[in-house]
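Below you'll find the structure, written out as structure tokens, and then a few comments.
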Amino acid sequence: MTVACDHVCNIRLRHVRLRTLKLKNMALLLRTVARQGLCSSRSQFGILYRHAVPMGTSAKEEMNKFWTKNTRLNRPVSPHISIYQWSVPMLLSISHRGTGVGLSSGISAFALAALVLPESYPYYLDLIHSMSFGPQFLAFCKFALAFPVAFHTFNGVRHLIWDVGKGFKIPEVYRSGYVVIALTVLASIGLAAM
């Protein structure tokens with residue numbers, strides 16, 4: 001118990017010294033205050049902060065060192081699109097994220113429209129049929145709706161295979177990417193032809 005009290009006194013004394021030095025580092029001040037709060041309420045948890053070492057520099061100083069070094073070495077800001085060579089895996093990754101955002105936005109908009117619009121779904125379906133769009137336009141619209149769904153599904157299966165730990169070698173990554181593209185186009189054409 002006396003060891004814990006001595007430890008508390010040492011922490012408080014350290015805090016007073018830091019306060020008189022006008023605390024150059026705000027993170028250290030917050031850490032000290034948190035230590036005192038933890039220690040005064042639960043002295044048995046002293047082991048949690050016993051080995052904490054005050055930070056030597058602030059985050060701002062570290063950032064300034066980083067940017068000074070990068071400027072001196074004439075390094076580009078990363079990631080910088082102009083330094084990367086575009087590849088199939090990169091395009092598929094970006095497209096997977098884009099189709100995910102697009103599909104979730106589209107489903108949300110469709111659900112909101114179903115809640116807000118006054119008529120039922122068959123009414124709007126008949127309205128579209130009455131506009132007498134050509135069959136080519138309707139096939140294109142079906143393809144445009146089926147493509148992101150098919151792509152996101154097949155590329156999601158590809159990601160699930162990666163989660164198992166298979167297909168990480170570069171030739172396998174490219175091969176699976178081309179398979180995803182081929183399956184997406186074929187499935188989209190099949191769904192649009194229905």
Side-chain angles (χ1 to χ4, degrees), residues 27 30 55 58-194:
L30 292 173
M55 293 171 42
S58 70
K60 187 169 185 160
E61 291 170 348
E62 289 298 320
M63 281 182 52
N64 288 338
K65 286 181 192 176
F66 173 80
W67 288 114
T68 303
K69 177 182 174 185
N70 284 344
T71 304
R72 182 173 36 86
L73 295 174
N74 198 21
R75 291 180 174 162
V77 178
S78 181
H80 197 280
I81 294 174
S82 66
I83 66 171
Y84 295 116
Q85 181 180 358
W86 287 91
S87 63
V88 171
M90 182 187 300
L91 291 173
L92 291 179
S93 175
I94 292 168
S95 300
H96 187 74
R97 294 163 198 256
T99 55
V101 169
L103 289 171
S104 62
S105 300
I107 289 171
S108 300
F110 186 78
L112 185 65
L115 290 173
V116 174
L117 292 175
E119 298 295 332
S120 64
Y121 177 72
Y123 170 79
Y124 293 106
L125 194 58
D126 290 336
L127 180 67
I128 291 172
H129 282 294
S130 70
M131 292 181 184
S132 10
F133 291 116
Q136 293 85 8
F137 181 74
L138 288 177
F140 173 76
C141 289
K142 287 180 182 180
F143 181 84
L145 289 172
F147 188 84
V149 173
F151 173 76
H152 199 76
T153 301
F154 290 126
N155 205 35
V157 170
R158 178 180 180 224
H159 279 269
L160 288 174
I161 293 170
W162 286 349
D163 289 342
V164 174
K166 307 281 185 203
F168 282 123
K169 294 180 181 168
I170 297 299
E172 294 172 346
V173 170
Y174 275 89
R175 190 177 319 116
S176 65
Y178 291 128
V179 167
V180 164
I181 292 170
L183 288 175
T184 300
V185 171
L186 292 174
S188 299
I189 290 171
L191 289 170
M194 294 176 105

side-chain hydrogen bond (donor to acceptor under 3.5 Å, both in side chains) partners of Asn64, counting only residues at least two apart:
none

Go through the structure and list residues passing side-chain contact (heavy atoms from CB on, under 4.5 Å) with Leu91, not counting sequence neighbours.
Trp86

Kindly write out the residues that satisfy ring pair (Phe, Tyr, Trp, His ring centres under 6.0 Å) with Tyr178, not counting sequence neighbours, or none if the list is empty.
none

Closest non-hydrogen atoms of Pro89 and Val173, given as atom of the first, atom of the second and distance, are CG-CG1, 3.5 Å

Applying side-chain contact (heavy atoms from CB on, under 4.5 Å), name anything that partners Met63, two or more places apart in sequence or on another chain.
Trp67

Separation between CD1 (Ile94) and OG1 (Thr99), nearest 0.5 Å, reads 12.0 Å

Can you list everything that forms a side-chain contact (heavy atoms from CB on, under 4.5 Å) with Leu103? Sequence neighbours excluded, please.
Pro148, Val149, His152

The side-chain contact (heavy atoms from CB on, under 4.5 Å) partners of Arg97 (sequence neighbours excluded) come to Ser93

With sequence neighbours excluded, give me every salt bridge (Lys or Arg N to Asp or Glu O under 4.0 Å) pair touching residues 63-76.
Glu62-Lys65

Nearest 0.5 angstrom please: Ile181 CD1 to Phe154 CZ, how far?
13.0 Å

Got a sec, which pairs hit side chain to side chain donor-acceptor pair (under 3.5 Å) with one end in residues 159-176, sequence neighbours left out?
Arg158-Ser176

Residue pairs passing the side chain to side chain donor-acceptor pair (under 3.5 Å) test where at least one lies in residues 113-129, sequence neighbours excluded:
none

With a cut-off of 3.5 Å and sequence neighbours excluded, list every side-chain donor-acceptor pair involving residues 183-194.
| from | atom 1 | to | atom 2 | distance (Å) |
| --- | --- | --- | --- | --- |
| Thr184 | OG1 | Val180 | O | 2.6 |
| Ser188 | OG | Thr184 | O | 2.7 |

With side chain to side chain donor-acceptor pair (under 3.5 Å) as the rule and sequence neighbours excluded, what pairs involving residues 130-139 come up?
none

side-chain hydrogen bond (donor to acceptor under 3.5 Å, both in side chains) filter on Ser95, not counting sequence neighbours, yields none

